[in-house]
Amino acid sequence: MNALLFAAALLLAQGPVPAPPPEAILHNARVFTADPGRPWAEAFAVADGRIVAVGASRDLLAIAGPRTRVVDLGGAFVSPGFGDSHLHFMSGSLTLNAVTLDGLTDLKEIQARIAAFARANPGASWVTGRGWNYGAFPGNLPHRLWLDEVVPDRPAFMQGYDGHTGWANTKALELAGITRDTKDPANGVIVRDARGEATGALKEAAQGLVRRLAPKPTDEDKYAALKAGLDLAASYGLTFAHNAGFDLADLPIYERVMKEGGLKVRFYNALPFRADPDAATIARYKELRAKHAGPLFRFGAIKALDDGVVESKTAWMLEPYAGGGGTGIPNYSIEELNRGVAAFDREGFQIFIHAIGDRAIRATLDAYENAARVNGTSGRRHRVEHVEAPQSAEIARFKPLGVIASTQALFANPDENTLGAYAGALGPERASRAMAFKAIDEAGAVQAFGSDWPVFSMEVLRGIYCAVTRETPEGTPAGGWQPQSRISAEAALRHFTADGAWAGFNENDFGKIAPGLFADFVVLSRDITRGAPKDILTTRVLLTVVGGRETYRARDFTAPALPAAGK
């Protein structure tokens with residue numbers, strides 16, 4: 001290649017001189033880079049799994065060598081790889097072979113789905129599943145008799161879509177020894193009827209009374225489930241994810257898949273919180289952080305659960321719920337939360353705290369502020385998970401405290417459950433500030449989007465559509481639920497890419513299409529930043545790439561292939 005031409009081309013392209021010429025050049029695309037220095041481009045070059053140049057197609061094509069793989073994307077839309085900043089990956093993966101009740105809004109539909117699964121699995125000692133919505137039941141809570149009607153012969157347990165309320169049939173309650181004399185466990189409620197009998201609805205920690213008896217998946221079950229979950233995630237364009245609450249029993253499974261080269265998603269994992277962690281716990285957590293510190297699988301965070309959820313009226317609120325029901329259930333006293341946060345902050349851990357109610361959000365921010373003061377620390381990037389019903393005064397505290405708002409786009413999906421059980425429990429004023437995506441952005445806070453899978457689907461494109469429209473896929477309600485909180489598709493993309501990477505201390509590794517970062521990207525069938533928002537729902541993931549290697553390719557996508565993951 002003419003040396004002067006080569007040098008001139010690189011002056012026009014963004015990035016250092018690739019030497020030798022890049023392994024691949026992807027061009028003829030509309031590239032959303034999420035890089036403030038150059039937010040849009042037409043092409044980028046890849047070598048050794050990293051991006052080495054970004055710019056115009058003609059400039060990058062000029063630096064191709066004889067062995068460079070040139071990929072014409074045919075005008076497709078390219079984004080940095082999608083990230084899910086809050087999910088429970090093994091739990092979600094294990095639900096892929098269980099009863100799934102997601103999206104069902106009618107009790108008869110729910111019963112039919114469970115009955116069909118029970119008939120198809122006559123040898124199963126238990127019938128288990130998840131995904132039901134509160135709004136599908138009269139009074140917004142399930143009853144054991146409705147489950148008895150379809151599973152009368154063996155114990156059955158169905159977890160709600162949010163994981164905070166369970167539904168047991170009579171046999172499961174009997175097996176657990178739950179009677180009218182059974183006391184509520186700490187941080188849990190056994191829902192009872194007027195006679196004091198258990199209805200089968202078990203809130204928060206009370207679920208454990210039944211769940212501990214259900215058959216546990218084997219390691220081989222988990223291995224197969226994890227691989228299936230990874231394939232599904234890659235098909236949605238996911239390249240990184242934050243495990244919000246990692247079960248160390250699952251670590252050998254992840255290590256096995258990683259050793260095989262099959263870990264198609266980069267994981268950042270949060271370990272369980274302790275209000276008073278002992279020296280052994282701190283030492284173990286630090287050992288894990290040091291051992292697993294690579295860009296594919298890392299520890300470095302701690303996850304706490306400070307309250308419950310709105311529908312079951314266990315999220316911790318400043319004022320009582322509409323229609324009665326108290327102010328929720330905090331899982332820690334203020335003193336316990338402050339002690340635990342300060343202890344882990346002192347050891348350099350980032351902290352994720354589930355805080356949905358406005359009182360829980362305030363307590364969480366107070367704990368972070370206290371930790372910075374007593375430890376003299378900064379830059380920890382602590383996070384509030386969900387941030388569902390914040391007051392404006394608390395939103396204003398995020399940026400000055402350096403705290404991240406870890407929110408879930410699909411939580412704003414205005415289905416029957418959201419408009420009924422959820423909004424009804426909050427009341428009009430608090431519902432008007434629920435899932436305040438725009439207000440958080442306007443306050444200058446870093447906002448990272450996730451799904452809380454299996455609570456909601458980890459389909460990023462569905463999440464973006466919801467954040468943009470605040471409508472269901474069917475287009476209801478017209479104009480959106482709480483439309484003042486809608487954001488642009490470009491803002492939603494940033495929350496699923498660059499902001500998510502920053503929320504996990506990976507801004508120098510991925511989250512943008514920029515020189516020096518890993519070649520993690522997704523190719524879509526349509527530019528989702530242009531056109532009608534409803535078109536986002538029919539946009540398809542054509543290609544997902546992690547570190548320059550394909551993890552997913554649509555069958556009808558005919559652009560030249562890159563190396564496959566694991567090879």
Side-chain angles (χ1 to χ4, degrees), residues 24-34 39-44 46 51 54 56-57 60 69-84 230-241 264-265 409-410 413 449 451 456-469 471-475 487-498 500 510-513 519-546 548-565:
I25 293 173
L26 297 97
H27 71 105
N28 186 22
R30 177 164 164 79
V31 182
F32 170 73
T33 70
W40 297 95
E42 296 176 339
F44 55 98
V46 176
I51 296 165
V54 180
S57 291
L60 266 66
R69 190 176 314 210
V70 177
V71 180
D72 186 340
L73 292 176
F77 183 81
V78 180
S79 166
F82 296 153
D84 191 313
L230 289 165
D231 287 341
L232 183 63
S235 76
Y236 292 153
L238 284 167
T239 62
F240 71 94
K264 297 180 177 182
V265 174
L410 274 172
N413 181 48
F449 271 170
S451 67
F456 275 96
S457 168
M458 55 181 169
E459 293 173 82
V460 170
L461 290 171
R462 276 192 58 195
I464 292 173
Y465 167 82
C466 187
V468 170
T469 66
E471 295 176 353
T472 66
E474 295 74 31
I487 60 175
S488 70
E490 189 172 331
L493 261 179
R494 286 197 306 273
H495 299 333
F496 274 119
T497 56
F510 49 78
K512 299 187 288 289
I513 296 178
D520 295 2
F521 59 90
V522 59
V523 180
L524 304 179
S525 63
R526 179 183 288 115
D527 181 353
I528 62 173
T529 68
R530 296 174 171 175
K534 63 180 176 56
D535 292 338
I536 298 172
L537 291 172
T538 56
T539 300
R540 297 171 53 234
V541 174
L542 302 178
L543 183 70
T544 308
V545 175
V546 175
R549 296 186 176 272
E550 294 187 7
T551 57
Y552 170 78
R553 170 179 283 261
R555 291 183 179 181
D556 59 347
F557 186 55
T558 58
L562 297 171

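Given the structure is predicted, the values throughout are model-derived calculations rather than measurements.
Not counting sequence neighbours, the partners of K264 by the salt bridge (charged side-chain N to carboxylate O under 4.0 Å, His left out) test are D231. When the side chain to side chain contact (heavy atoms under 4.5 Å, CB included) test is applied to A41, the partners found at least two apart in sequence or on another chain are V31, T33, R38, V54. For the side chain to side chain donor-acceptor pair (under 3.5 Å) test, residues two or more places apart in sequence or in another chain that qualify with T472 are E474, T476. For E459, the salt bridge (charged side-chain N to carboxylate O under 4.0 Å, His left out) partners at least two apart in sequence or on another chain are R462. Checked against side chain to side chain contact (heavy atoms under 4.5 Å, CB included), A233 has the following partners two or more places apart in sequence or in another chain: F89, L238, V265, M458. Under the ring pair (Phe, Tyr, Trp, His ring centres under 6.0 Å) criterion, F82 pairs with no residue at all, not counting sequence neighbours. T544 meets the side chain to side chain donor-acceptor pair (under 3.5 Å) test with no other residue; sequence neighbours excluded. For E42, there are no salt bridge (charged side-chain N to carboxylate O under 4.0 Å, His left out) partners, not counting sequence neighbours. Judged as a salt bridge (charged side-chain N to carboxylate O under 4.0 Å, His left out), and not counting sequence neighbours, the contacts of D520 are R266. Residues forming a ring pair (Phe, Tyr, Trp, His ring centres under 6.0 Å) with F32 (at least two apart in sequence, or on another chain): W40. With sequence neighbours excluded, the residues forming a side chain to side chain donor-acceptor pair (under 3.5 Å) with T538 are R526, listed by chain and number.
At least one side-chain heavy atom of P563 sits under 4.5 Å from a side-chain heavy atom of R69. The shortest side-chain heavy-atom distance between T539 and F77 does not fall under the 4.5 Å cut-off. Looking at L562 and V71, their side chains come closer than 4.5 Å, going by heavy atoms from C-beta outward.
Taking each heavy atom of A498 and K512 in turn, the nearest pair found is CB-CG, 4.0 Å. The heavy-atom pair separating A467 from A409 by the smallest distance is CB-CB, 4.3 Å. Across S451 and D84, no two heavy atoms sit closer than the pair OG-OD2, 2.6 Å. Smallest separation of non-hydrogen atoms from P473 and N413: CD-OD1, 3.9 Å. In plain terms, the two heavy atoms of L410 and C466 that are nearest each other are CD2-CB, 3.9 Å. When all heavy atoms are compared, the tightest approach of G463 to F496 is C-CE1, 4.2 Å.
Note that CD1 of I528 is 5.5 Å distant from CG of L461, once rounded to the nearest 0.5 Å. Taking CG of L493 as the reference point, atom OG of S488 lies at 8.5 Å (rounded to 0.5 Å). Taken to the nearest 0.5 Å, the CZ atom of F44 stands 5.0 Å off from the CD1 atom of I513.
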- Task: Would you check, one step at a time, whether the test side chain to side chain contact (heavy atoms under 4.5 Å, CB included) holds for F521 with V545?
- Result: CA-CA 5 Å; F521 59 90; V545 175; 3.6 Å; yes
- When you look at L524 and V78, which way does the side chain to side chain contact (heavy atoms under 4.5 Å, CB included) test go after all the steps? CA-CA 6 Å; L524 304 179; V78 180; over 6 Å; no
- Could you go through the side chain to side chain contact (heavy atoms under 4.5 Å, CB included) check for V70 and D72 one step at a time? CA-CA 7 Å; V70 177; D72 186 340; 5.9 Å; no
- Task: Determine, stepwise, if the pair V46 / L26 fulfils side chain to side chain contact (heavy atoms under 4.5 Å, CB included).
- Result: CA-CA 8 Å; V46 176; L26 297 97; 4.1 Å; yes
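Between F510 and F240, the angle of the ring planes lies from 30° to 60°, which puts this pair in the tilted group.
Contacts classified as salt bridge (charged side-chain N to carboxylate O under 4.0 Å, His left out) and involving residues 529-540 (residues at least two apart or in different chains) are given here: D527-R530, R540-D556.
In this structure a side-chain-to-backbone donor-acceptor pair under 3.5 Å is present from S57 to N28.
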